[in-house]
Protein chains: 2
Amino acid sequence: MGQDAAWGAAPAERADAARNRLHLLATARQMLAEQGADRLTMDALAERAGLGKGTVFRRFGTRAGIFRALLDDDEQVFQQQVLSGPPPLGPGAPPVDRLIAYGWARAVFLIERRDMARAALDGSQPVPTGPRTPMSHVHIRMLLGQLDLGGADLGMLVVQLAGALDGPVLLYLSSDELASTPEGVAARIGQAWQDLVERCF
Amino acid sequence: MGQDAAWGAAPAERADAARNRLHLLATARQMLAEQGADRLTMDALAERAGLGKGTVFRRFGTRAGIFRALLDDDEQVFQQQVLSGPPPLGPGAPPVDRLIAYGWARAVFLIERRDMARAALDGSQPVPTGPRTPMSHVHIRMLLGQLDLGGADLGMLVVQLAGALDGPVLLYLSSDELASTPEGVAARIGQAWQDLVERCF
DNA sequence: GCTACAATCGGGGTAAAGTCCGTTTACGGA
DNA sequence: TCCGTAAACGGACTTTACCCCGATTGTAGC
């Protein structure tokens, strides 16, 4: 077997493509920090990275795709802490405690990256919507799997709980609310999540 | 007091403006049904409605704004059924039963309008984000208010539960999943919601 | 009915997203 | 090391959302 994970896996990214992808992500992150999400245009990104616009679009498909890639990147680091950090977030604590800790951590994570996360939304679906299950879902499902839920629809429950965690930041809370007291909002989300979970499980 | 609801209310919409707004909404709804959300462009809408492009933008501010207006419109009808229909959805049943019934109804409502609802999303915030609280939140809050929740953060709990209901359709489920078995998905969301609520309250 | 004002209308203009295709380049095999 | 191929590159091109401002029109007050 080669490095490909499974049959039908991606046919191995070419070296220059990988280099450019990394370079574009780094440039995008820099521009995001300097100027904010709404000022980040594809043309500007391409120019600042010293690459063609076509390259940017082939890599990320969509403007939202760039922010999604950035977010995925951060989520991977986050997931490391979740999987290998100390309890109760990491392994070793009872599932319910881990679920609660996960909610607190995710709230902080998302609020810190609220601009990125919102810019990653994309009402259209044609190509950009990846069939990849978010890591967040995988983790919640894993924890719920260790609980006794009767005959509940685990798959849908996972998605609903993820919605309870992400919905406030992604959909409902205004940017003003999020910006004026980020830590306060994160704490409220975490606490409300804890109340909800303790009440349910 | 005049027709204005409160101090600082909108200075009364001019008659022609109102007529055009209604006409644009009707035209948009028609185009949405005929060609789908992604083929609905502002130019086409303006032309088909026999109005100028500028008019369309002044009315709705944004492309997403049109879909938001359409959705608001439908939600108002829906809310009527919720407020004055027969129990358990309407008044007369215990709060928990009404909450469960509301989840089922909302799932059906949202799935039937999934394209509209997704197109109404808009990652940007500057102008389009209205400070108006969605009717959905108002209603959930009303029902939760009748329950004993200890010292829980009612406001955030409402938003989280709304996220649990809307998140699947708006954020996570792929368009393919939604399109292939809409009724099935609605039923799963409704059932999972019921399980969650029964477990919590 | 008439007038002054303010809001609406209209459509041309700008900028940014996304597409296309001819050119260039990495990389596996001989 | 060289070659053939498939993938990546680049930037001109098209489409579309959104802005602007002079022309037009509804409405309150007389």
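What you see below is based on every heavy atom in this structure, not just the backbone, and it leaves out hydrogens, waters and symmetry mates. A note on names: the letters A, B, ... follow the listed sequences, proteins ahead of strands, and every chain is numbered from 1. On a predicted model such as this, the values are computed, not experimentally measured, just so you know.
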[X] [atom1] - [N] [atom2] separation (whole Å):
X     : N      : atom1 : atom2 : result
A:M42 : D:dA17 : CE    : C1'   : 16 Å
A:R21 : C:dA26 : CZ    : C1'   : 16 Å
A:F60 : D:dA8  : CZ    : P     : 13 Å
B:F57 : C:dG13 : CZ    : P     : 17 Å
A:H23 : D:dA8  : NE2   : P     : 18 Å
B:I66 : D:dA17 : CD1   : P     : 9 Å
A:R63 : D:dA17 : CZ    : P     : 16 Å
A:L22 : D:dA8  : CG    : C1'   : 16 Å

*When all nucleic acid strands are considered with a 4.0 Å heavy-atom cut-off, which category describes A:R58: base, sugar-phosphate, or nothing?*
base

*Identify the two heavy atoms, one from B:A186 and one from B:I111, that lie closest to each other, and give their separation to 0.1 Å.*
N-CD1, 3.7 Å

Check salt bridge (charged side-chain N to carboxylate O under 4.0 Å, His left out) between [X] and all other residues, then give those that pass, not counting sequence neighbours.
X      : answer
B:R48  : B:E34
B:R21  : B:E13
A:R114 : none

Residue list, side chain to side chain donor-acceptor pair (under 3.5 Å) with [X], at least two apart or on another chain:
X      : result
B:E198 : B:Q194
A:R141 : none
B:R19  : none

*asked:* Please enumerate all residues that pass ring pair (Phe, Tyr, Trp, His ring centres under 6.0 Å) together with A:H23, with sequence neighbours excluded.
replied: none

*If the plane angle is over 60° it's perpendicular, under 30° parallel, otherwise tilted; pick one for B:F109 and B:F78.*
parallel

*How would nucleotides 25-30 of chain D be written as a contact map, 5' to 3', with B for base contact, S for sugar-phosphate-only contact and - for no contact, using protein heavy atoms under 4.0 Å?*
BSS---

*For the helix from C:dG1-D:dC30 to C:dA30-D:dT1, measure the angle between the helix axis at one end and the axis at the other, each built from five pairs, rounding to 10°.*
30°

*For B:G54 and B:L40, take the nucleotide of DNA chain D holding the closest heavy atom to each; which residue's nucleotide lies nearer the 5' end?*
B:L40

[N] phosphate, OP1 or OP2, under 4.0 Å from [X] side-chain N/O:
X     : N      : result
A:N20 : D:dA8  : no
B:R59 : C:dT8  : yes
A:T55 : D:dG10 : yes

*Using the ring-ring contact (aromatic ring centres under 6.0 Å, His included) rule, collect all pairs that involve residues 35-75 of chain B, keeping only residues at least two apart or in two chains.*
none

*Heavy atom of residues 43-52 of chain A under 4.0 Å from DNA chain D: which residues?*
A:L51, A:G52

*side-chain contact (heavy atoms from CB on, under 4.5 Å) partners of A:R58, counting only residues at least two apart*: none

*Just compare D:dC18, D:dA17, D:dA8 and give me whichever is closest to any side-chain atom of B:K53.*
D:dC18

*Only one of A:R68, A:R106, A:R113 clears salt bridge (charged side-chain N to carboxylate O under 4.0 Å, His left out) with A:D74; which?*
A:R113

